[in-house]
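In what follows, a structure is listed as structure tokens, so that the remarks can point back to it.
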Protein chains: 2
Amino acid sequence: MDTALDRALRVFRERGYHATSIGDLTAAMRLATGSVYKAFRDKHAVFLAAFERYTALRQEQTRSAASRGSNGRERLRHVLLSYAEQSQGIEGRRGCLVVGSAVELSALDPVVGARVNAQLKTNESFIAGLIREGQADGSIPGHVEPDDTARLMICITQGMRVVGKARLALDGERLAGVAMKLLA
Amino acid sequence: MDTALDRALRVFRERGYHATSIGDLTAAMRLATGSVYKAFRDKHAVFLAAFERYTALRQEQTRSAASRGSNGRERLRHVLLSYAEQSQGIEGRRGCLVVGSAVELSALDPVVGARVNAQLKTNESFIAGLIREGQADGSIPGHVEPDDTARLMICITQGMRVVGKARLALDGERLAGVAMKLLA
DNA sequence: TTTATTCGGAAACGATCATTCCCTATTATC
DNA sequence: GATAATAGGGAATGATCGTTTCCGAATAAA
């Protein structure tokens, strides 16, 4: 079941919602039409389940990246590096389901829109938390505005996914290096 | 003709490519089905024409915003402010056709993919040019890396459009203020 | 072994899609 | 003033969409 969802996830990431047909879905999931509709109410429900799984997986990856740092500043740097890496190459071309949903569905589908909005806010407050950690442990100056900086960093990470989809190279070390100026 | 294209443009920005039917298009353009197919080869051609018009219009807006600054640094600040403003409110929810095309079509449609890629590179070198101007006129320190900084700023601007679609508020002055640290 | 029950597969359904065709005005030409 | 040419409007068309329904196989219960 989770493996089938992972396969659906991949198709949605590559093709978006509207461009993936049930045929694409069944081919990727190695399931027949009837079986998909036995497991899910409709295409929208498959998408929502895939979205939920994606955010859970990505959240885990991001926390794991953060944990590689020894203080707030370093944790933040590793988060940026992780985003840059994920946005590049074959994984980058596959795309981010949150960004894809924000652009393709946020304005048309209130349910998806709410989930995208919630996910962005979660990510943002996670970053703001890392900034405050850094200020507490002395690795980030106290005059840095956590909320504004976090929102800008969300723009950076989401922007990386867009740029990565368009096949522009993203040198994680250099980009993260420049971005760390925001913590000066 | 240009007004019809503007109307088509708006629909594509709001709904993306796959979710806009010919019916949506004819309703927005106030034209019958046959008339649309007399003016354009197919839906894809309408989209390409709308895309071209959009990038021309946006480029003009961005250059105009840049011209409001008196030196390289200030020009860059006005560009960021312009992007933040465009990404907000009703205009932000309408979305950016470049970002939308990058996410929805870049991987599926080579023609659109190439245009998106070219547009991003144009924007990026415009920003890099402003940075170099600033370094020449003394408003930006010489140790700033123009290319890396420009690429990161492209991530910021594209990210703003994503965040704006998801209805997160973007305070232009504050965001631009934080982003200007990248020029320190 | 027999009988339910569950699960996956494939054909069939109406709806909607992009596209084409034909008709009707309107303009320009002779 | 008649006629050719063109531009726009709307119905018809085949294809594809999401969804439903029905059928067969496999498993568990009796």
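A note on names: the letters A, B, ... follow the listed sequences, proteins ahead of strands, and every chain is numbered from 1.
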Report yes if some heavy atom in the side chain of B:T26 is under 4.5 Å from a heavy atom in the side chain of B:Y37; otherwise report no. no

Produce the list of close N/O pairs, under 3.5 Å, pairing protein atoms with atoms of nucleotides 13-15 of chain C; give distances to one decimal.
none

Is there any ring pair (Phe, Tyr, Trp, His ring centres under 6.0 Å) pair reaching into residues 52-108 of chain A, and which pairs are they, with sequence neighbours excluded? none

Has the side chain of A:R13 got a donor or acceptor atom that lies under 3.5 Å from a matching backbone atom of A:G95? yes

Any cation-pi pair here, A:R63 with A:F126, using under 6.0 Å and within 45°? yes

Whether over 12 other heavy atoms sit under 6.0 Å from A:E85 CD: no

Which pairs, protein N/O on one side and nucleotides 18-22 of chain D N/O on the other, fall under 3.5 Å?
unit_1 : atom_1 : unit_2 : atom_2 : d
D:dG18 : OP1    : A:T20  : O      : 3.3
D:dG18 : OP1    : A:K43  : NZ     : 2.8
D:dG18 : OP2    : A:I22  : N      : 2.7
D:dT19 : OP2    : A:Y37  : OH     : 2.6
D:dT19 : OP2    : A:K43  : N      : 3.0
D:dT19 : O5'    : A:Y37  : OH     : 3.2

Is it true that B:M153 and B:M160 fall in one hydrophobic cluster, defined by side-chain heavy atoms closer than 4.5 Å? yes

Side chains of B:S21 and B:D24: do they bring a donor and an acceptor to under 3.5 Å? yes

Presence of A:S35 side-chain N/O under 4.0 Å of C:dG9 phosphate oxygens OP1/OP2: yes

Which pairs, with at least one residue in residues 3-29 of chain A and sequence neighbours excluded, count as a ring pair (Phe, Tyr, Trp, His ring centres under 6.0 Å)? A:F12-A:F47, A:Y17-A:F47

Whether the B:Q86 and B:Q61 side chains hold a donor-acceptor pair (N or O, under 3.5 Å, no angle test) is what I'd like checked. yes

Passing option when A:L182 is tested against A:I140, A:V144, A:L76, A:I156 for side chain to side chain contact (heavy atoms under 4.5 Å, CB included): A:I156

Check DNA chain D against residues 102-113 of chain B and give the residues with a non-hydrogen atom under 4.0 Å, in numerical order. none

For DNA chain C, just give me the dot-bracket, please: Watson-Crick or G-U, both distances below 3.5 Å, ( ) intra-strand, [ ] crossing earlier pairs, | paired with another strand, . unpaired. ||||||||||||||||||||||||||||||

Answer yes or no: is there a donor N or O on one side and an acceptor on the other, between the side chain of A:K181 and the main chain of B:A184, under 3.5 Å? yes

Answer with yes or no whether the hydrophobic clustering places A:V11 together with A:V103; edges join I, L, V, M, F, W, Y residues whose side-chain heavy atoms lie under 4.5 Å apart. no

Rounded to whole angstrom units, what separation is found between the CZ atom of A:F40 and the P atom of C:dC7? 14 Å

Look at the side chain of A:R15 and the backbone N and O of A:A19, then say whether any donor-acceptor pair between them is shorter than 3.5 Å. yes

